[in-house]
Amino acid sequence: MSALTITYALLFYTATAILAIGVFRKIFIYARTPAPLLIPTTPAPTTATGVAWRMFKEVTVFESLFKSNKWIWIFGWMFHIALFLVLLRHLRYFTEPVWTVVALVQPYGKYAAFAMVAGLLGLWARRFVVDRVRYITNLSDHLMLLLLLGIGVSGILMKFGIAGIVDPAHTDIVAVKAFFLGLMYFDWQPVPADTMLLIHLTLVAVLMIVFPISKLLHAPGVFFSPSRNQVDSAREKRHVAGWTAAQTPGSK
Amino acid sequence: MADFEIPALKEYPVIPLIQVGSMAHSKPFVAKPDHQDAVGFPHELVDNWEEKAVKKLGELVQGSRALQVFLDTCVKCGACTDKCHYYLGTSDPKNMPVARQDLLRQVYRRYYTFAGKYFPWLVGARDMDKEVLDDWYSYFHQCSQCRRCSVFCPYGIDTAEISMAAREVMDSVGLGQKYCNEILGKVYTIGNNLGLPEPALRNTLDGLEEEVKDDTGVDVRFPLDEKGADVLLVTPSADFFAEPHVDGLIGYGKVFHQAGISWTMSSYASEAGNFSMFIGSGANLKKTTMRIREAALDLGVKRLVVGECGHAWRVAYSFWNTLIGPFDFLDPKYPAPQHICEVTHDLIQRGALTLDKEANDHRIITFHDSCNVARASRMGNMPGGQFIIPREIIKSVANHFHDMAPDTIHESTYCCGGGGGLLTDDLIELRIKGALPRMEALKQVVDEHGVNFMAAICAICKSQFTKVIPYYDFPMEMMGSLHQLVSSAIQIGTKE
């Protein structure tokens, strides 16, 4: 077993543990923290089904963002939907046999990488071009985009290559799959010593590690946002939690 | 006139370029020790206030899922940056909702997150210090907690929650805002924001009865503290004598009179407004609202009805059941509480009111959706009823109605510029500049349709606009109450 394989095996075990434990810890905190008062942004649904529909639209088509700003929506939605397809496609490296849906999405997932990178470039451009967005941007916001771009571009280079510089046939994807299945079943296989692949994998591991301590928490967070997930039923159903549950007057 | 420039009304709204620090000088008067006493906060900035403020912030976040989620999830996408009326009116980038939130988020990150503890320079985290506190005092008193940013945020992040928390933290270390805290003191000692004691209140209401009698020849009653009445009306105390508020109160009285509903007001709970929400104080919110429960039980009423007031309706609709419920002592046939517009609308639907639309023919009317009604409550039994019901009432009592531009009404309505505890003369520059987006929308309907009357259902909106619209060359008289229109149209004496 080479030092390279051991390093990457340990890197991915660590990254997976940090991602899983970190995100579950946050979800646990969100779920446990009380929402003492009802604060849905109205008009809000008056039933739980209605709230599920509101949330579904929010996370699939970014309804509020669409109402807000068409440029951010185009770039943001393009990035996220492309990322979704790309992630789905990548499941082929973790499943044997490959699921039908993953096989079906393969051709779209391949080219979605370009849409993903285009969306990221659009979002990054706004951080320089729009003075308001430039003002609110921290160094971490730039680095996050750089990280995601690095992942996207290194992936594209592996898949499609650049004539004379990167040969797409170079990466042994069968060995990559063997490496990841090996990690999953604790039967380690060598990681291919391909520069572009190692860059790609390193950046992905970094993303997994920073996920639970960064703004990427918006992914689980949105489901817990009281202004979006509360039912508008204040008069019909009495709500108490946290400090409002502490002392109930009761009726005389 | 003011020693600052009144913004020019443009043909089309323009998103301004940022002007860093342009409103850094805007600060409301600080609460004095006796104002702080009334609401239970320290007299002045305490020792070790930095440490105590950070600790308080941590406690608040632990007790509020909203804060917990909102402080984590912002991705700085910029969707909210052009949504705040104070940013549009002042160009100060710290009035962009995300930048305002970041004033608090930078401290939260520094003390409560991994990234902020170890890499503060990376994520813009900052120590709690005097400079931060000054920024907080200035800019968290430039947020009217109107929730417009929350509508447009992809995660629903509500800057109102953040600014309420910041004000609670500042209060807890002894830095309070005079306007809000002094007013809450009056509620505790006298019963209402204006400090009208029972004899003065009774006198005012007697005067109203005479006025209506002179106008109409009919004895319309404005009862106070009458046990056994069916309805307890809780209304903002501005309704008792401010113009045009009082014309609204006369309208409520005429509606109850013609419908034959027995009603009363209470001198003990003579305030619907509740500034405890503005300062984010749960303890004060509980204490103030409890007066209403006590009054309702004491008077033995069967229904609770709330007068025209935006944040009061938010507190009543969204929080009363939580804070002072259950309302099992009230008549279950009616929602508890009920908005006066719901009562009037219902009566109109049932044909219980005789209305002469022509009485309002001299008025060309538009309607200003108040932020807390629009984005933090509801009327009727379906989402958005808070937009439909007031407009239905206006169309039932008047012939000429025109809405303002679609992106300035309903859930996208612009705040009047005076909400959230900012309706004070020490913030007049902010109030005038913050009214800009609404003034531009108003000018459009004035130019296109000759609108000469803007109806509102909020005491703060009415006071703010009456004061501010003359700066934009509109006549003060064009501001009115919705029930003022009802009052003009209702033919009392016809259904005795």
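Protein chains get the first letters and strands the later ones, always in sequence-line order, with residue 1 at the start of each. In what follows, every heavy atom counts, from backbone to side chain, and hydrogens, waters and symmetry copies are set aside.
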Pair D331(B) + R303(B): basic N to acidic O under 4.0 Å | no
Please assess K333(B) against K302(B) for the test side-chain contact (heavy atoms from CB on, under 4.5 Å), listing each intermediate value before the final yes or no.
-> CA-CA 10 Å; K333(B) 284 206 301 281; K302(B) 302 193 184 83; over 6 Å; no
Evaluate the criterion side-chain contact (heavy atoms from CB on, under 4.5 Å) for residue pair R293(B) and F329(B); output intermediate values, then yes/no.
-> CA-CA 10 Å; R293(B) 182 186 172 90; F329(B) 56 92; 3.6 Å; yes
Taking A283(B), C77(B), G384(B), C74(B) one by one, which has the highest count of heavy-atom pairs under 4.5 Å against chain A?
-> C77(B)
Cut-off 4.5 Å, heavy atoms of chain A, and the answer for T113(B) is neither
Hey, can you tell me if H311(B) and F278(B) have their rings parallel, tilted or perpendicular (30° and 60° cut-offs)?
-> tilted
So which of P335(B), A160(B), P93(B) has the largest heavy-atom pair count under 4.5 angstrom toward chain A?
-> P93(B)
Go through L216(A) and M144(A) one step at a time and tell me if the side-chain contact (heavy atoms from CB on, under 4.5 Å) criterion holds.
-> CA-CA 9 Å; L216(A) 299 181; M144(A) 191 60 76; 4.0 Å; yes
Validation row, ring centre F223(A) to ring centre Y30(A) under 6.0 Å = no
Salt-bridge criterion met for R228(A) and D158(B) (N-O under 4.0 Å) = no
Using non-hydrogen atoms and a 4.5 Å limit, figure out which bit of V20(B) sits close to chain A: side chain, backbone, both or neither.
-> side chain
So which part of Q62(B) gets closer than 4.5 Å to some heavy atom of chain A, the side chain, the backbone, both or neither?
-> backbone
Side chain, backbone, both or neither: which part of F114(B) has an atom under 4.5 Å from a heavy atom of chain A?
-> side chain
Contact class of A316(B) relative to chain A, heavy atoms under 4.5 angstrom | neither
When V59(A), N69(A), D141(A) are compared by non-hydrogen pairs under 4.5 Å with chain B, the top option = D141(A)
Does a donor on one side chain sit under 3.5 Å from an acceptor on the other, for S150(B) and T41(A)?
-> yes
Pair R127(A)-T137(A), side-chain donor/acceptor within less than 3.5 Å | yes
Find the one option among S64(A), A241(A), P212(A) whose heavy-atom pairs under 4.5 Å with chain B are most numerous.
-> S64(A)
Which answer fits F119(B), side chain, backbone, both or neither, if we ask what part of it has an atom under 4.5 Å from a heavy atom of chain A?
-> neither
Chain B: which of I29(A), L139(A), L143(A), V130(A) shares the most heavy-atom pairs with it under 4.5 Å?
-> L139(A)
Note: vs chain A, highest number of non-hydrogen pairs under 4.5 angstrom among P337(B), C80(B), A99(B), G116(B) is P337(B)
Hey, which of K26(A), R134(A), E63(A), H142(A) has the most heavy atom pairs under 4.5 Å with chain B?
-> K26(A)
Is the number of heavy atoms from other residues, nucleotides or ligands under 6.0 Å of F114(A) CZ greater than 12?
-> yes
Chain A contact via D407(B) - which portion, at a heavy-atom distance below 4.5 Å | neither
Under 4.5 Å from a heavy atom of chain B, the part of P36(A) involved | both
More than 12 heavy atoms of other residues, nucleotides or ligands under 6.0 Å from OH of Y111(A): is that the case?
-> no
Do you know which of L217(A), V222(A), D131(A), I213(A) has the most heavy-atom pairs with chain B at a distance under 4.5 angstrom?
-> D131(A)
Between Y8(A) and T202(A), does any side-chain donor sit less than 3.5 Å from a side-chain acceptor?
-> yes
What option among V210(A), D232(A), L123(A), N229(A) has the most heavy-atom pairs under 4.5 Å with chain B?
-> D232(A)
Among A336(B), S412(B), A115(B), the residue with the most heavy-atom pairs under 4.5 Å to chain A is A336(B)
So, the part of L285(B) with a heavy atom under 4.5 Å from chain A: the answer is side chain
Non-hydrogen atoms of chain A under 4.5 Å away: do they reach the side chain of F327(B), the backbone, both or neither?
-> neither
